[in-house]
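In this chain, numbering begins with 1 at the start of the sequence shown. Just so it is clear, the structure is predicted and the values come from calculations on it, not from any experiment.
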Amino acid sequence: FFQAEDGIRDTSVTGVQTCALPICCCFLVSALPTIGQVNLPSMSTLAWNDVLGYLKGTGLAHLSTVTDDHSPHVAIVFPAIDADKIWLTMRTSSAKYRNLASHPAVALVWQGNGAETYVWGRVSLHHDSTTKLHVWNGGFIPFDLGHFYGTAESESWAVGLLEPSRATVMVQTEHGLNRKTWHAQA
């Protein structure tokens, strides 16, 4: 059966597990046969650089964090790809900053390059001038951060470095939906 967040049950759906994320409704299909024209996703693995390839040029993403009372919080962010790193910038007065300071676990979702890309991990916050100047002057953010934060030296902003733990890329191909995954080395 399927039980929605509002408590309504739908017993017509079997073999499907759902999870409530603040930005999407996800489903996991376990050992279901092909039904009519519906094809189950094929699966393959990716290298981290392949995941980054799907992210480059996509622009905005949705960042999911959790508040101190364990409520979900979603913000639109512009993650910056710097070689194999993903940086986030934010005001130190923002809800996302407060949430990350207390609960660094995140989920990000991008749409673009023919895929939906989901990345889970933890974000470490950085306030030091060396890191902030690297992000400010790195050339991987296609707009002037000064419009948001004034100067690189301002204490009103910080950078977050995503430490990814896993990723899923969903791509529609001529053969159906293809689910590609990546997991960090333990």
Study note, to complete from the structure: Taken in chain and number order and not counting sequence neighbours, the residues that satisfy side-chain contact (heavy atoms from CB on, under 4.5 Å) with Asn113 are Thr58
Revision key, fill the gap. Sorted by chain and number, sequence neighbours left out, side-chain hydrogen bond (donor to acceptor under 3.5 Å, both in side chains) with Gln172 holds for none
Check your understanding: Quick one: side-chain hydrogen bond (donor to acceptor under 3.5 Å, both in side chains) partners of Thr181, sequence neighbours excluded?
Key -> none
Practice item. Using side-chain hydrogen bond (donor to acceptor under 3.5 Å, both in side chains) as the criterion, list what pairs up with His183, not counting sequence neighbours. Key: none
Check your understanding: Going by the side chain to side chain donor-acceptor pair (under 3.5 Å) test, which pairs reach into residues 76-90, not counting sequence neighbours?
Key -> Asp82-Trp87, Asp82-His134, Thr89-Tyr149
Point to revise | Residues that Ala105 engages under side-chain contact (heavy atoms from CB on, under 4.5 Å), provided they are two or more places apart | key: Arg122
**Study point:** side-chain contact (heavy atoms from CB on, under 4.5 Å) partners of Ile81, counting only residues at least two apart
**Key:** Leu52, Leu55, Lys56, Ile86
Check your understanding: Who pairs with Glu163 by side-chain hydrogen bond (donor to acceptor under 3.5 Å, both in side chains), at least two apart in sequence or on another chain?
Key -> Ser124
Check your understanding: With sequence neighbours excluded, what pairs up with Thr67 under the side-chain contact (heavy atoms from CB on, under 4.5 Å) test?
Key -> Asp69, Ser71, His73, Asn99
Point to revise | Counterpart residues, ring-ring contact (aromatic ring centres under 6.0 Å, His included), relative to His70 (two or more places apart) | key: His103
Exercise for review: Tell me, please, which residues at least two apart from Trp182 pass ring-ring contact (aromatic ring centres under 6.0 Å, His included).
Suggested key: Trp48
Check your understanding: Taking only residues two or more places apart in sequence or in another chain, which ones pass ring-ring contact (aromatic ring centres under 6.0 Å, His included) with Tyr97?
Key -> His127
